[in-house]
Structures are given as C-alpha cells and as structure tokens.
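This report refers to the structure that appears directly beneath it.
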Amino acid sequence: MLPSDLTLLAIESSCDDTAAAVLKDGHVASSVVAAQRIHEGFGGVVPELASRAHQRLIVPTVEAALEEAKVDKHDLGAVAVTYGPGLAGSLLVGLSFAKALALGLDIPLIGVNHLEGHIYSVFIDEPHPSFPFLCLTVSGGHTLLTLVKEGFVHEELGRARDDAAGEAFDKVAKILGLGYPGGPEIDRLAASGDPTFRAFPSPRLPNKDHRKSYAFSFSGIKTNVLYFLRDLGETERKQMLDGHLPDIAASFQKTVVDALVGAIRDAVKETGVESVAIVGGVSANRGLRATAQAAADKDGFELFVPAFEHSVDNAAMIAVTGAFKLAAGQSSELTLAAEPALKL
Ligand code: KG4
Ligand code: ZN
C-alpha cells in the first residue's frame, strides 16, 4: 500500500520529541526519536525549553535517520513535516528545517497534520485495519474518537472538551507525588491496586438529544482526586498515600478506561463499523488494552493497537501519512505556516 518507488524524509517536532524517519522501498527504514529529558523536573513540557532543544537536536536526529536508512539526502524524493497542531515554537523548528531542505534539494514539501499522523500510524505495522475504521486517539495532547471512512475522509464523533486523557494521567500522577510523565507510573501501580477502592466521576459527558455522546471532560476527575486528598488533612493524607496509592491509581485508571472503552462500544454499535484502532501514548496503558480487547471479543469487533514506538509521538507516522498524501496528489507550498491549533 505504501509507494515503493519513493524515498521520503519525515520530521516531527510538535511537542517535546524531536523525531525523524525515512521511508524507503515501501517501508519505514528508520525512525529516530530524541526525547527531551529537560522537562522532567518541571512536571510538564516547558514550551520555551522545548523549542531550544529542537534547535539543538534537529540536525543530529535527521542525520541519524538518514544514516540508519543508508540514504543520502540527495536521494530524497520528498520531505514531510508536521505543521500543526502543537507548540508554535516547536513546530517552527521542524517546519523551517523541512522547508530549507525542500528548497535546497528541489523536492516536494508535504505538510502533515499531527492528528492525521496518529490515525495513519495504524498503517506502519501489520496487520492494519481497512477502511472504514473507528480510531480513538488518546495522547498527552488529544482525546478524539474519529470515524475514518476512507483515506483523508474523517468524521469526528467526539473529543475531550478540556484536558486530554494523557494529561489527566500526568496531572493525577503529579497530585499523587509521582514523576512525569505519570501515565506509565499509574499504569504500573494500578496493576496491584483495587479498582473498586473509590468511585470517581466518569469523564464521559452525558448524552444529548437521545444521541450517544462521545464527548469527554477529564478536568472533573482530576479535581476530584485533588479534593479527595486535600480534604483528608495531613496525617490521614499521608496514611492514605502510604497505604492505598495502588488502589487510588487503579480506581482512577478504571474510571478513565471504562469511559473510553464505553464510547468505543457505543460507536461500534451505532456505526456498525467493526474495526477499531487505538493510537497515541495512552494506548500503551495495559488496563486500556485489556479492557478494549475484552470488549472486542465480547462485541465481535477487531482491535488494532500499533507498536508502542509508533503510538507515542514519532516521525514514522508522519512519513506514512506524507507518502499517502503525495500519492493522492497533495503537497504544500513553501509558504506553509505552522498552525498550533490545527484541527483534524
Ligand atoms: O502520544 P504521546 O507520546 O504524546 C502526545 O502526542 O501527547 O503521549 C504521551 C502521553 C503522556 O500523557 C503519557 O503519560 C501517556 O501518553 N502515557 C500513558 C502510558 N504511557 C504513556 N498513559 C497511561 N498509561 C501508559 N502506560
Ligand atoms: Zn501526539
């Protein structure tokens, strides 16, 4: 399905990962991600530090991707780059670099929407779904349920109105005194906790007009965890965290997972679409994977979750999306601007 006669370089710099990948002979020949450790002490991404780190990392990351793929830059037939959504200063580093390369080598520039990149990440690995499929994107920046009807034809079924799912994991982890990013840590703790320890409010918003709602709000559950601990008083809070950290993690995780999988099950019933993909960093969550797989077995839909390295931010997904776009006759002008608030 991927064009075998195209050698393409892809660049992704929308948040705190500097990434480059090369597509060659119809497959991803290299995918390099330079994670920026600099943000760990801040409990979240610091935009100004992120753009400076991208400046430092972009050249060695691209060089590493070309070298690993054994491709000379003069052999490139196109360059694909994320132009939004994301942090403005971060996007500009990757976009300016890609434009300079496209201009210097006289090859097409293909601007890629980061959210389309996550959706099309399902085509990097085998097996992959065929159209139409439902796609749940759950990352640090986005929570989105999409009906992907055919190539680049999507219908948004619902999204998070405030915090994204991954952001909720990270913020609750911070409240619980865990490190950043907190998703993996909550996942680990939840495995040994009691998910019925405490009831948290569901992040899924209620139905409207008798239609199923696929909208989410994650700020309520975060605040609920915060107030629950704050209202205990100092000694009791310490006892609670010492004795029940895995139980709180498990209860929080189950509430989030049940809301996400509940929305998937409703969407499968409503649309009749029997292929479902879960993409983005939170798709690594073991509770989410197990619950979604159990729902798939029960309801008879097929579940696709890309390999972890293709689920979190990476440039291989931008390469694949860029190649599809070029094959569909879509490329960008060199005047392409970064769009921090770009929608799907
Ligand atoms: O897709 P991603 O790498 O970056 C964005 O586009 O945002 O997702 C990062 C998010 C973080 O919020 C991180 O806490 C979350 O994915 N995450 C997880 C797990 N692994 C990563 N959340 C829950 N459970 C995990 N195992
Ligand atoms: Zn992402």
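All values below were derived from every heavy atom in this structure, side-chain atoms included, with hydrogens, water molecules and symmetry-related copies excluded. As the structure lists them, so they are numbered: ligands from 1, and atoms in each ligand from 1.
- Here R237 does not pair with E234 in a salt bridge; the nearest charged N to carboxylate O distance is not below 4.0 Å.
- Near G166, with a cut-off below 4.0 Å to any heavy atom, the atoms of ligand 1 are 12 (O).
- Counting only heavy atoms of the protein, atom 7 (O) of ligand 1 lies nearest to G140 N, 2.8 Å.
- Below 4.0 Å from some heavy atom of G141 lie the following atoms of ligand 1, by number and element: 7 (O).
- Summary of contacts: the protein heavy atom closest to atom 18 (C) of ligand 1 is G183 CA, 3.6 Å.
- Contact analysis puts H118 in contact with ligand 1, with a non-hydrogen atom separation below 4.0 angstrom.
- Within the coordination shell of the Zn ion (ligand 2), defined by N, O or S atoms under 2.8 Å, H114 is present.
- Taking a 4.0 Å cut-off on heavy atoms, P184 registers as neighbouring ligand 1.
- Under the 4.5 Å side-chain heavy-atom criterion for ILVMFWY residues, a single connected hydrophobic cluster contains both L288 and F200.
- In terms of protein heavy-atom proximity, atom 1 (O) of ligand 1 is nearest to G281 N, 2.9 Å.
- The shortest separation from a heavy atom of H114 to ligand 1 is under 4.0 Å, placing the residue in contact.
- The shortest side-chain heavy-atom distance between K222 and I175 falls under the 4.5 Å cut-off.
- Atom 26 (N) of ligand 1 has its closest protein heavy atom at D187 OD2, 2.9 Å.
- Under the 30°/60° scheme for interplanar angles, the aromatic rings of F131 and F133 are found to lie parallel.
- If you look at D170 next to ligand 1, the close heavy atoms, those under 4.0 Å, all belong to the side chain.
- Checking side-chain atoms of D187 against main-chain N and O of G183 turns up no donor-acceptor pair under 3.5 Å.
- N285 ND2, 3.0 Å is the protein heavy atom nearest to atom 24 (N) of ligand 1.
- Between F324 and F123, the ring planes are perpendicular. Angles over 60° get that label, and only those under 30° would be called parallel.
- V59 and L105 end up in the same hydrophobic cluster when Ile, Leu, Val, Met, Phe, Trp and Tyr side chains are linked at under 4.5 Å.
- Heavy-atom proximity to D313, at under 4.0 Å, picks out these atoms of ligand 1: 1 (O), 2 (P), 3 (O), 4 (O), 5 (C), 6 (O).
- Minimum-distance N/O/S atom of D313 relative to the Zn ion (ligand 2): OD1.
- Remark: side-chain polar atoms of E155 are not paired, donor with acceptor, to backbone N or O of L157 under 3.5 angstrom.
- The ligand atoms of ligand 1 that sit less than 4.0 angstrom from a heavy atom of S139 are 1 (O), 5 (C), 6 (O), 7 (O), 8 (O).
- Every atom of ligand 1 with a heavy atom of V312 under 4.0 Å away is listed here by number and element: 1 (O), 3 (O).
- Taking any N or O of D17, backbone or side chain, none lies under 3.5 Å from an N or O belonging to ligand 1.
- One N or O on the side chain of N113 and one on the backbone of K343 form a donor-acceptor pair closer than 3.5 Å.
- Cluster membership check: L344 shares its hydrophobic cluster with V112, using side-chain heavy-atom separations under 4.5 Å among Ile, Leu, Val, Met, Phe, Trp and Tyr.
- In this structure, a donor-acceptor pair under 3.5 Å is absent between the side chains of S219 and D163.
- Relative to atom 15 (C) of ligand 1, the option among T137, V256, V282, V33 with the closest non-hydrogen atom is V282.
- In this structure, a donor-acceptor pair under 3.5 Å is absent between the side chains of T18 and T61.
- At least one N, O or S atom of H118, from either the backbone or the side chain, sits less than 2.8 Å from the Zn ion (ligand 2).
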